[in-house]
Participant: 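Before anything else, here's the structure in question.
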Number of protein chains: 2
Amino acid sequence: MAKVEVFERIDLRKAAEVLSKAVRSRRNIYLIAKCDVEYYGRSSSKLEEGERQIIIKSDGAFLIHRPTGHSPVNWQPETSYINVEFDEEEGKVIIKAVRSKPREIVVVRASEIPLIVSSVLHDSGAFYMYVSEKEIRDILAAHPTLLGEKFVTIDIEKKVEPGFIDLYLKDGKGNVVVVEIKRSTARVDAVRQLKKYIDALSKHLGHERIRGIIAAPSITSKAYELLAKEKLEFKQINLKVITEYAKKKTSAKGILEFFK
Amino acid sequence: MAKVEVFERIDLRKAAEVLSKAVRSRRNIYLIAKCDVEYYGRSSSKLEEGERQIIIKSDGAFLIHRPTGHSPVNWQPETSYINVEFDEEEGKVIIKAVRSKPREIVVVRASEIPLIVSSVLHDSGAFYMYVSEKEIRDILAAHPTLLGEKFVTIDIEKKVEPGFIDLYLKDGKGNVVVVEIKRSTARVDAVRQLKKYIDALSKHLGHERIRGIIAAPSITSKAYELLAKEKLEFKQINLKVITEYAKKKTSAKGILEFFK
DNA sequence: GTCTACATGTCGCTC
DNA sequence: GAGCGACGTGTAGAC
């Protein structure tokens, strides 16, 4: 069970003590603070006073969230140290989160801290991400017929001049097939990417016919127009089907990892 | 003053009520929950049970944070709706955060909720993001009239005995001008720094008049006092204007790179 | 609404 | 450590 300590309506001097101790003992900290924030580093910023939520994680990750918006207004991905102290002159709690590389610092000056939550959280639960582009690629490589033809896989992540071809196949007639995979709706940049690989490859292969395929769950109309113009093809892939294969593969992978 | 309500050690049925009400009334919510999480959308993921921190913001932003790491393990940048209910069968609190475009859903199933914080936060503080001091210096060097007079740039980062002068200008009357740039509020040490450069420079230039300027978005009263005493000047720079020039510079650079 | 380029991007890989 | 590409990238601006 999570150990949770709550500090409400404590004075700022005490708040600085509590925070300092919690940081040193690597607790997970959540606080509500009326504060201003300054950031110096690769860029710099100044946030004027207001009420915010601040999270300091056990590994030093530091996040300042405004009442709206998905992303933190200021943050520090990893900190070399976090210092908390009560500034007698200003009568404020100063939190400094310093990162050494790149050299960056976030300074919070809090005039009110109505709440501090200090907790020890136990979290060993595994996180599985399904059907990443890489997984789709591996599954299509193992089962190229999922693309709707009697394809045979020749190579994965084949290096060509400008980058890597996701899948390099041959079709039933022996034609070379270049496949560009997108996990979500394919856009014009995906088509350009595919074209780029084919152009590069054609320099090596000469007059051999090269088919180009975008494999994605869907494609934008603009992208399809360009695709048709370039005489390239679109093969729709079913993510649910892929996910099924992914799950099978995940369990298999788990077993492999167990034995290695 | 922020309105903060804390709910500790309440049973799950009550927790669902509290959360549901807090979501409807658009509070800022922080909770600690032992939960598992599933995500379906552009990709899909499964996070097995563990103790996490969850933030639900007043605009529907939804974040699930593990005890370590800068980025949330699951999230929803904006939600079309968030539903909280107590599942009688499982005896768990189910939180569903749904986003319509792209169609995505995050489902949290909580078996323990040791803490809920519901708050109303007032935050109207402006957020300023500005360029690095180096960029400000380069822009002011290219456009010295931004300092409000017919200045002409003579040198950048001019070496003098104790260090480097940010900007070395001449004014309309041919006077030498030393500029010390600060990207945020100039303090007394900035004035001392400027004075130091001028003193060093005056040894070389003799009796020639040397003007000293602090160029910063703002200056502390203490610093301004010292500045006046030393007969130095403060020129306020507008970071928004500088930022605009920074953007133009970026595009210009892009063109240069194209031609090189 | 879609496309495009930028970000204190971050993250994870190879070299 | 630097370089490069992917990301459930998010975000802002142009068309």
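Chain A is the first sequence line, chain B the second, and so forth, proteins listed ahead of strands; every chain is numbered from 1.
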Participant: What do you reckon, is OH of A/Tyr40 surrounded by more than 12 foreign heavy atoms closer than 6.0 Å?
Facilitator: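 Above 12, so yes.
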
Participant: Scan A/Arg192 against the nucleic acid and name what it touches under 4.0 Å (heavy atoms): base, sugar-phosphate only, or nothing.
Facilitator: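 Sugar-phosphate, backbone atoms only, no base.
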
Participant: Expressed in whole Å, how much space separates the C1' atoms belonging to D/dG5 and D/dT9?
Facilitator: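 Going atom to atom, C1' in each nucleotide, I get 13 Å.
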
Participant: Rounded to the nearest angstrom, tell me the gap between atom CG in B/Leu63 and atom P in D/dT9.
Facilitator: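 Rounded to the whole Å, the gap is 17 Å.
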
Participant: To the nearest angstrom, how far is A/Glu180 atom CD from D/dG5 atom P?
Facilitator: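 In whole Å, D/dG5 P lies 13 Å from A/Glu180 CD.
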
Participant: I want to check one thing: is the phosphate of C/dT4, taken as OP1 and OP2, less than 4.0 Å away from some side-chain N or O of A/Lys222?
Facilitator: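 False: A/Lys222 side-chain N/O out of range (4.0 Å or more) of C/dT4 OP1/OP2.
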
Participant: Taking all non-hydrogen atoms of both residues, which atom of A/Ala33 and which atom of A/Ile54 are closest, and how far apart?
Facilitator: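 Looking at all heavy atoms of both residues, the shortest contact is CB-CD1, 4.3 Å.
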
Participant: Can we say B/Lys182 and B/Glu180 salt-bridge, meaning some charged N sits less than 4.0 Å from an Asp/Glu carboxylate O?
Facilitator: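 Here B/Lys182 pairs with B/Glu180 in a salt bridge, since their nearest N and O are under 4.0 Å apart.
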
Participant: So for atom NZ, which belongs to A/Lys235, do other residues, nucleotides or ligands contribute more than 12 heavy atoms lying within a distance under 6.0 Å?
Facilitator: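 Atom NZ in A/Lys235 is packed in, count exceeds 12.
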
Participant: Which whole-number value in Å describes the distance from B/Lys57 NZ to D/dG10 P?
Facilitator: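 From B/Lys57 NZ to D/dG10 P: 14 Å.
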
Participant: Test of understanding: with side-chain contact (heavy atoms from CB on, under 4.5 Å), list the residues that count as partners of A/Ala2, not counting sequence neighbours.
Facilitator: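 With neighbours one apart ignored, the set is A/Val4, A/Leu121, B/Ile32, B/Glu51, B/Pro114.
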
Participant: Return the value, rounded to whole Å, for the distance between atom NZ of B/Lys101 and atom C1' of D/dG8.
Facilitator: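 B/Lys101 atom NZ is separated from D/dG8 atom C1' by 15 Å.
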
Participant: Do the charged groups of B/Lys92 and B/Asp87 touch, with an N to O distance under 4.0 Å?
Facilitator: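 Between B/Asp87 and B/Lys92 there is no salt bridge, as every charged N stays at least 4.0 Å from the carboxylate O atoms.
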
Participant: Give the B/S/- string for nucleotides 8-13 of chain C, one per nucleotide from 5' to 3', where a protein heavy atom under 4.0 Å of the base yields B, of only the sugar-phosphate yields S, and otherwise -.
Facilitator: BSSS--

Participant: Classify the nucleic acid contact of A/Lys182 as base, sugar-phosphate or nothing, counting any heavy atom under 4.0 Å across all strands shown.
Facilitator: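 Nothing: the residue A/Lys182, judged by heavy atoms under 4.0 Å, touches no strand.
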
